[in-house]
Trainee: 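Below is a structure I'd like to ask you about.
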Amino acid sequence: MSQPDPAAPHSAPPCAGLRIGDLAPDFEARSTVGPVRLSAFRGRWLVLFSHPADFTPVCTTEFVALAREAAAFEKRDCALMALSVDSLFSHFAWLRMIRDRFDVEVRFPIVEDPTLVIGRAFGMVSAQDSNSATVRTTFFIDPKGVIRAMTCYPANLGRSIPEMLRILDGLQAIDAQGGLAPANWQTGETLLTPPTHDLDEVFGAEEATGWFLRATGDAS
Ligand code: BEZ
């Protein structure tokens with residue numbers, strides 16, 4: 001794959017197609033666990049992610065790490081679904097190699113997308129690449145099918161599985177508690193309270209920041 005020139009003009013950066021708050025486009029496709037339909041995952045969280053190609057070094061480390069952490073996603077009632085342009089039989093051969101070499105079975109579905117119809121619908125295809133590989137895009141989809149967060153990494157940088165779990169935990173905590181997750185928030189830590197819209201509370205707060213920057217449960 002050619003290295004993108006950061007100075008080159010580009011009309012459609014990865015992730016441009018969809019935005020946070022959009023309903024994830026539905027699709028039906030062949031996968032390593034049989035046919036899958038995105039909308040069939042409603043009612044659970046779903047992490048849908050693309051990888052550039054099977055049998056590549058960084059992707060292999062990601063799949064080994066994700067398969068080893070599959071129970072952590074399951075514990076959060078979150079399904080995993082991967083996607084690339086490679087064929088179903090390439091996926092099978094890669095998973096067999098991963099099992100034999102790394103002693104771990106990848107049991108979450110890997111979708112084949114040979115025509116890139118799904119990759120394009122999700123903006124997973126880099127406009128800068130000369131080939132048709134998808135970049136490392138990750139969509140965090142809530143139980144209503146809404147995209148709540150997304151990340152985009154280049155082919156030469158692997159994703160952090162702890163960060164994927166932290167994003168999931170943050171979104172689930174925000175939904176459950178109605179607060180805001182601050183910088184470097186970690187699972188189990190306190191959330192922030194949304195700021196007041198009431199001028200009397202702004203002037204009445206003891207601290208200068210007390211009306212907009214406080215942990216849930218703190219008095220202003
Ligand atoms: C990798 O996963 O190692 C990789 C994939 C595509 C291009 C470069 C690296």
Side-chain angles (χ1 to χ4, degrees), residues 1-18 24 27 29-33 36 38 46-73 78-141 147 149-168:
M1 182 184 300
S2 62
Q3 290 300 305
D5 171 4
H10 51 84
S11 54
C15 289
L18 291 168
F27 63 81
R30 292 204 305 182
S31 87
T32 48
V33 300
V36 286
L38 189 94
L46 174 67
V47 172
L48 172 70
F49 63 100
S50 62
H51 64 282
D54 297 350
F55 294 101
T56 50
V58 177
C59 296
T60 301
T61 62
E62 286 188 332
F63 276 68
V64 169
L66 278 165
R68 289 190 175 140
E69 286 293 336
F73 287 89
C78 179
L80 292 167
M81 190 191 294
L83 176 146
S84 83
V85 68
D86 303 277
S87 74
L88 183 61
F89 296 100
S90 167
H91 292 336
F92 281 148
W94 190 37
L95 297 194
R96 172 65 200 252
M97 185 280 295
I98 286 176
R99 193 204 60 184
D100 291 358
R101 171 66 181 79
F102 298 98
D103 199 23
V104 64
E105 292 186 0
V106 176
R107 288 290 183 171
F108 55 81
I110 309 182
V111 167
E112 68 167 0
D113 187 25
T115 59
L116 277 167
V117 66
I118 305 167
R120 286 192 206 290
F122 278 81
M124 291 165 160
V125 185
S126 172
Q128 294 170 329
D129 280 342
S130 52
N131 69 22
S132 58
T134 51
V135 291
R136 293 184 203 288
T137 313
T138 310
F139 291 90
F140 297 82
I141 301 171
I147 295 167
M150 50 195 179
T151 65
C152 241
Y153 286 42
N156 49 9
L157 179 63
R159 284 163 278 215
S160 158
I161 282 61
E163 176 60 4
M164 290 167 77
L165 290 168
R166 191 191 78 95
I167 291 172
L168 200 51

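Numbers here simply count residues along the sequence, with the first being 1. Numbering of ligands and ligand atoms starts at 1, following listing order.
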Trainee: Output the distance between atom CG (L80) and atom CZ (F63), rounded to the nearest 0.5 Å.
Mentor: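 Going from CG on L80 over to CZ on F63, the span is 9.5 Å.
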Trainee: Please examine the side chains of L66 and F49, heavy atoms only from C-beta on, and report whether any two atoms are closer than 4.5 Å.
Mentor: yes
Trainee: Donor-acceptor pair, distance only, cut-off 3.5 Å: does the side chain of R136 make one with the backbone of A155?
Mentor: yes
Trainee: Describe, in one word, how the ring planes of F122 and F27 are oriented to each other, choosing from parallel (under 30°), tilted (30 to 60°) and perpendicular (over 60°).
Mentor: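 Answer is perpendicular, since the angle exceeds 60°.
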Trainee: Heavy atom to atom 5 (C) of ligand 1, shortest distance: which of L157, T56, D54, V135 holds it?
Mentor: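 Looking at heavy atoms only, T56 sits closest to atom 5 (C) of ligand 1.
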Trainee: Between A155 and ligand 1, does any nitrogen or oxygen pair lie at a separation below 3.5 Å?
Mentor: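 N/O-N/O distance under 3.5 Å: no.
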Trainee: Any idea which part of P52 is under 4.0 Å from ligand 1, heavy-atom wise: side chain, backbone, both or neither?
Mentor: side chain
Trainee: Tell me the contacting part of E62 for ligand 1: side chain, backbone, both, or neither, using a 4.0 Å heavy-atom threshold, strictly below.
Mentor: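 Neither part.
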Trainee: I'd like to check whether A53 has a polar contact with ligand 1, where a contact means an N/O of the residue lying under 3.5 Å from an N/O of the ligand.
Mentor: no
Trainee: Mark up the atoms of ligand 1 that fall under 4.0 Å of a heavy atom belonging to V58, in ascending order.
Mentor: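 Checking each atom against V58, I get 1 (C), 2 (O), 3 (O).
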Trainee: Please could you name the atoms of ligand 1 that C59 approaches to less than 4.0 Å, counting only its heavy atoms?
Mentor: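 Once the distances to C59 are compared, the set is 1 (C), 2 (O).
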Trainee: Quick one: does any side-chain atom of T137 pair with a main-chain N or O of C152 as donor and acceptor, under 3.5 Å?
Mentor: no
Trainee: Is a donor from one side chain sitting under 3.5 angstrom from an acceptor on the other, for H91 and D54?
Mentor: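 There is such a pair (donor and acceptor under 3.5 Å, judged by atom type) between the side chains of H91 and D54.
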